[in-house]
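A short write-up of the structure that comes next.
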Amino acid sequence: MKVAVFSTKPYDSRYLREANGNAHELAFFEPRLSLETATLAQGFEVVCAFVNDQLGPDVIAALSDAGVRLIALRSAGFNHVDLAAAAEAEIAVARVPAYSPHAVAEHSVALMLTLNRKMHRAYNRVREGNFALDGLLGFDLHGKTVGIVGTGQIGAIVARILHGFGCDLLAHDPNENADCLALGVRYVALDDLFERSDVITLQCPLTPQTHHLIDAGAIATMKRGVMLINTSRGAVVDSTALIRGLKSGVIGSVGLDVYEEEGDLFFQDLSQTFIEDDVFARLLTFPNVVITGHQAFFTHEAMTAIAETTIANITAFARDGAPVHPVARPAGD
Ligand code: NAI
């Protein structure tokens with residue numbers, strides 16, 4: 001099939017080419033998919049998209065006019081796709097439901113340890129010949145209460161890792177995970193998790209229910225000095241409320257791999273210009289905030305799996321008219 005790959009970085013083309021062999025005709029486009037760039041998909045049956053590509057109703061209508069029949073997402077999350085519009089246009093949507101939950105879970109824990117042991121500050125100090133320890137005081141994770149919001153594939157691995165650290169684990173998820181229960185994870189109401197946790201880590205998808213799950217009201221109920229980790233989706237956290245929480249001291253530290261308005265920032269080199277987003281720029285000024293640019297998924301194992309599953313989705317669609325991992329339109333939508 002003819003496949004238009006959007007938001008292509010050199011590593012995307014490398015892994016996709018390897019997984020594809022000669023199976024499909026891949027064309028790589030650097031721009032993000034948007035209404036302006038959708039014309040690039042003219043004559044392609046498949047569009048291959050990533051997390052910050054725009055797949056709202058207008059773009060889907062344009063893709064339909066261009067002859068697209070399949071949107072093959074290189075991500076697990078599909079919150080950026082208007083599934084109802086895709087169904088109306090008879091465009092199938094496929095995703096990569098699991099590539100390496102270990103990659104994301106390990107990144108969540110990396111952010112916890114970086115913040116707690118102040119690795120980001122220690123690294124710079126030692127390079128400048130400053131071996132003073134003032135300001136680097138951390139705490140033992142052992143014995144601390146960690147609240148995990150969402151115990152699917154990723155959250156369950158976070159639980160397993162932190163169990164090894166000797167943490168007391170709370171979780172909130174409408175679906176209890178048997179592996180987590182076996183580890184001794186206690187499922188509690190969200191309010192309870194907010195009130196009791198020393199560390200809160202967000203591992204849930206972005207849905208209407210989780211949009212701004214962490215807002216001013218939620219922050220007001222948290223333990224003073226709580227550490228917040230978000231490797232899920234930016235819009236699960238209200239960034240303005242987060243800044244207020246940091247300024248008041250209720251939030252003790254923050255590790256983010258995702259940001260609500262990351263579409264205009266992440267995956268690009270903006271080092272020769274300035275950051276226009278004042279909320280993001282303010283977040284960067286806190287010494288107790290560590291931000292990575294949506295890199296939690298970015299391991300060799302995950303990139304290999306993403307490319308292989310994406311090609312398998314396209315091959316199955318070409319052969320059977322349905323991808324291996326379709327994203328269904330939600331009931332009643
Ligand atoms: P999953 O579908 O296996 O697990 C998600 C869990 O969240 C499920 O158990 C579900 O019941 C739960 N959940 C749904 N609504 C909830 C709510 N309101 N409160 C609490 N829990 C809720 O998904 P997986 O693979 O664990 O991924 C989770 C999310 O992580 C993805 O949806 C995606 O947004 C994000 N992600 C981020 C990456 C990154 O590079 N930063 C890479 C991959 C995923």
Side-chain angles (χ1 to χ4, degrees), residues 7 9 11-12 49-53 73-81 83 93 95-112 146-161 169-181 185-194 197 200-215 218 228-237 254-260 262-263 265-267 290-306 309-310 325 327-328 330:
S7 295
K9 299 289 178 198
Y11 44 82
D12 293 308
F50 198 46
V51 289
N52 290 325
D53 286 316
L73 300 173
R74 308 198 289 283
S75 60
F78 51 86
N79 51 281
H80 54 311
V81 185
L83 295 175
V93 181
R95 67 178 182 131
V96 183
Y99 34 93
S100 174
H102 296 279
V104 186
E106 289 172 13
H107 196 80
S108 290
V109 178
L111 287 172
M112 280 176 211
V146 182
I148 306 171
V149 181
T151 52
Q153 302 176 88
I154 297 169
I157 296 171
V158 170
R160 209 181 308 150
I161 297 171
L169 299 173
L170 301 178
H172 177 77
D173 193 313
N175 305 304
E176 298 190 357
N177 180 305
D179 292 344
C180 289
L181 289 170
V185 174
R186 280 167 297 146
Y187 282 88
V188 294
L190 201 53
D191 294 355
D192 213 10
L193 183 148
F194 289 157
S197 299
I200 297 172
T201 184
L202 305 175
Q203 314 294 169
C204 56
L206 175 62
T207 64
Q209 291 74 37
T210 62
H211 182 265
H212 285 189
L213 188 82
I214 306 296
D215 60 6
L228 180 74
I229 304 293
N230 187 12
T231 61
S232 64
R233 284 290 181 267
V236 177
V237 175
V254 176
L256 302 176
D257 186 53
V258 286
Y259 172 67
E260 190 163 7
E262 69 180 46
L265 295 167
F266 289 1
F267 308 125
V290 169
I291 303 179
T292 51
H294 207 137
Q295 73 171 77
F297 73 97
F298 197 50
T299 65
H300 168 69
E301 291 76 6
M303 289 301 290
T304 305
I306 289 171
T309 307
T310 299
H325 302 288
V327 184

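Whatever order the structure lists ligands and atoms in, that order sets their numbers, starting from 1.
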query = Side chains of Phe267 and Val51: closer than 4.5 Å at any heavy-atom pair?
reply = yes
message = Under a 3.5 Å threshold, yes or no: a donor from one side chain and an acceptor from the other, between Gln203 and Thr201?
response = yes
message = Given 3.5 Å as the limit, does a donor-acceptor pair link the side chain of Ser100 with the main chain of Ala103, or not?
response = yes
remark   = Within the heavy-atom cut-off of under 4.0 Å, ligand 1 is lined by Tyr99, Val104, Val149, Gly150, Thr151, Gly152, Gln153, Ile154, His172, Asp173, Pro174, Asn175, Gln203, Cys204, Pro205, Thr210, Thr231, Ser232, Arg233, Asp257, His294, Ala296, Phe297
query = Quick one: does Asp173's side chain have a donor or acceptor within less than 3.5 Å of a partner on Thr151's backbone?
reply = yes
key: Pair Thr292-His107, side-chain donor/acceptor within less than 3.5 Å   = yes
key: Partners meeting side chain to side chain contact (heavy atoms under 4.5 Å, CB included) with Val258 (sequence neighbours left out)   = Asn230, Glu262, His294
